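Here is the structure we will look at, set down as C-alpha cells.
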Protein chains: 2
Amino acid sequence: MPSRDAILDAAIQLADERGLEAVSMRSVAGRVGVTPMALYPYVGSKAALLDGMMGRMLRELLPVMAPAASWSGRLRDLAHAARSLSKQHPWVARLQLLRPAIEPDSVRVVDAIYQALLEAGVPAADVPRMERMISTFIIGFGASEAEGRFGRGTLDPRARRGQLPEGHLPGHYRLADVLDEPVDWDAEFEADLADLERLITAAARRVGNDRGEAADGG
Amino acid sequence: MPSRDAILDAAIQLADERGLEAVSMRSVAGRVGVTPMALYPYVGSKAALLDGMMGRMLRELLPVMAPAASWSGRLRDLAHAARSLSKQHPWVARLQLLRPAIEPDSVRVVDAIYQALLEAGVPAADVPRMERMISTFIIGFGASEAEGRFGRGTLDPRARRGQLPEGHLPGHYRLADVLDEPVDWDAEFEADLADLERLITAAARRVGNDRGEAADGG
DNA sequence: ACCTGAACACCGTTCAAGT
DNA sequence: ACCTGAACACCGTTCAAGT
C-alpha cells in the first residue's frame, strides 16, 4: 500500500542513503514497489514530493523548544536541532534554500523565533529582519557544510606558511598558523550562535535610541 | 570557433535568460552552434562548466575593492558588489552554495576579507570563522532572495491581523502591523551589513579579554 | 586535431488501457 | 478506484567514425 507517508519515507531514506540527486520518481516508486505513475495521485509532482520531504523535517524541529526556557535557551535549542537535523540529513539545507517554505510547520518555526526575539526586547520593526538573518545564517551554515563549501577551497595546497610570496595572498600569509589547524565545526557553530545572540541583545538595547520608531504597536 | 570563453559566455547568457536549469550541454552547444560532444575538450564536464561560470562571476567581484578605502569601506564595497551580482545573475548564489569554491579568484576574495578583518583588529584566531560567517550570510541572502525563500511563506494569507486566533501564531499576531508592510530588501541588506560590522568591531574590542590567545603572530 | 552521430542509461510527465 | 505500459521530450556521457 503506497500511501503518502510511505512514499515520503521511501524518498527520505533514499536521500539519506544516496543523496538528493538519487531521488527520482522512478527510484522512489521502485522502493515502494510500484510504477512511477502510481505516485502521482499521492504526491502530485516531483516538486511537491520534495516539499513533502521538507515538511517532515520541519515537523521534527518544532517540539524541540521547551516553552519554559528563556528566549536565548529556546533559540539555542532550535539552532542545535536544526544543525543536528542537517547532519543527519545533509540534503535538508539545500532543499530549504531551493524551495520557498510553504509548509505550515515552517510558519510555526518562524513564529517561535518571532516570540523569542520579542521576548528579548527587540523592537517589533526589527524582528522579521532578524528572524530572516538568523534563519539564513543557520540554513546557510548547514548548506555550506553539507555541500563542501567550507571544507577545502579556502585553504589551498599552496597556502602553507612560507610557500607563497607574502605579496600574493597577504591575508592567508599572515594567518598561516591559524589556517594550518583543523577546524572544529561544532565550536565554530557555537561561536557564531554567541555572536548572533550579541546582535539580538544589542538590538534590544538600542530601543528608542538611533531610530524614531522604537517600541511599535503590539 | 568554440573556445572556452565563447562556451562560458553562451552558458551564462542562457542562465540569465532562462534559468540555471535551462543550461544543458545540449542547449549550450546549440547556442554555440556545435554538437554537444564538441564542448567536452573545452569544459571537461557539466560540473566543470558550472565551475567555469562561477569563476567568471568571481572575477567581476575582485577589482571592486578600492585599496585606499578603510576596512569597513572595502567590506561594504564587496558586499554591495556581491549583491548586485546576484541581482543581475540570480543563479550565482545557488551555484556558490552547491559547489565548493575551487576557482583561484575565490581564494583571492577570501584573502581580501581576511585582510579587512585583520585591519579591523579581529584576533587572528577568529578571522577565518568571521570570514565564513560573513560570506555564508551574503551568499545565503542572495540565494534566499533569488530562490523565493524570502518572498512568500513567512507571511501566510491568514496571518493578517485579527484573522487568526491569538493563541495559534502569537508572534505573527503581535507583529501583524509590521508584517503587513512590504519589505525594502535593499534597506534590509544594509541593516544586516551594519549588524555584521558591529560583530567585527565587537570581536576587535574583545582582544585579550575573554580569550588567552589574543593578537597572534603576524 | 577537431568535430559528428548513434547509442546508452537515465529523467519527469502525459495519455490510453487495463482490472 | 487504482495501477500499468508505452510513449514523448528531455538529460550527461561514451565510443566509433568521419574529415
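Since the structure is predicted, the reported quantities are computational estimates derived from the model, not experimental observations. Excluded from the calculations below are hydrogen atoms, water molecules and symmetry mates; all remaining heavy atoms, backbone and side chain alike, are included. Lettering of chains follows the sequences in order, A, B, ..., and the numbering in each one begins at 1.
- From B:L117, atom CG reaches atom CG of A:L175 across 9.0 Å, with rounding to the nearest 0.5 Å.
- In this structure, CG of A:L39 is placed 11 Å from C1' of C:dG12, rounded to the nearest angstrom.
- At least one side-chain nitrogen or oxygen of B:Y42 sits closer than 4.0 Å to the OP1 or OP2 atom of C:dC3.
- Under a 4.0 Å N-O distance rule, the pair B:R108/B:D111 does not qualify as a salt bridge.
- Side-chain atoms of A:S135 and A:V110, non-hydrogen and from C-beta on, never get closer than 4.5 Å to each other.
- Following rounding to the nearest Å, B:E21 (CD) and D:dG12 (P) show an atom-to-atom distance of 12 Å.
- Listed by chain and number, the residues in a side chain to side chain contact (heavy atoms under 4.5 Å, CB included) with A:S27 are A:L14, A:S24 (sequence neighbours excluded).
- Classification of A:K87 and A:E145 as a salt-bridged pair fails, no side-chain N sitting under 4.0 Å from a carboxylate O.
- The side chain of A:R26 has D:dA7 as its nearest neighbour among D:dA7, D:dT13, D:dT4.
- Atom CE in A:M25 sits roughly 17 Å away from atom C1' in D:dC8 (whole-Å rounding).
- Nucleotides C:dA16 and D:dC2 place their C1' atoms 15 Å apart, quoted to the nearest Å.
- In this structure, A:S24 reaches the C:dC11 phosphate: one of its side-chain N or O atoms is under 4.0 Å from OP1 or OP2.
- The interatomic distance linking A:L50 (CG) with C:dC11 (C1') rounds to 14 Å, in whole Å.
- Counting only residues at least two apart or on different chains, the ring-ring contact (aromatic ring centres under 6.0 Å, His included) pairs with a member in residues 85-113 of chain B are B:H89-B:W91.
- Of the charged side-chain nitrogens involved, none lies within less than 4.0 Å of a carboxylate oxygen, so that A:R94 and B:E147 do not count as a salt-bridged pair.
- Annotated stems with DNA chain C as a participant read C:4-8 with D:12-16, C:12-16 with D:4-8, given as range with range, by first number; only runs of 3 or more Watson-Crick or G-U pairs under 3.5 Å qualify.
- Residues passing the side chain to side chain contact (heavy atoms under 4.5 Å, CB included) test with B:E188, sequence neighbours excluded: A:R129, A:R132, B:F141, B:V183, B:W185, B:D192.
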Could you give the side-chain donor-acceptor pairs of residues 48-64 of chain A under 3.5 Å, partners two or more places apart or in another chain?
unit_1, atom_1, unit_2, atom_2, d
A:D51, OD1, A:R99, NE, 2.6
A:D51, OD2, A:R99, NH2, 3.2
A:R56, NH1, A:D5, OD1, 2.8
A:R56, NH2, A:D9, OD1, 2.2

Sequence-aligned protein contact record of nucleotides 14-19 of chain D, with B where the base is within under 4.0 Å of a protein heavy atom and S where only the sugar-phosphate is: BB----
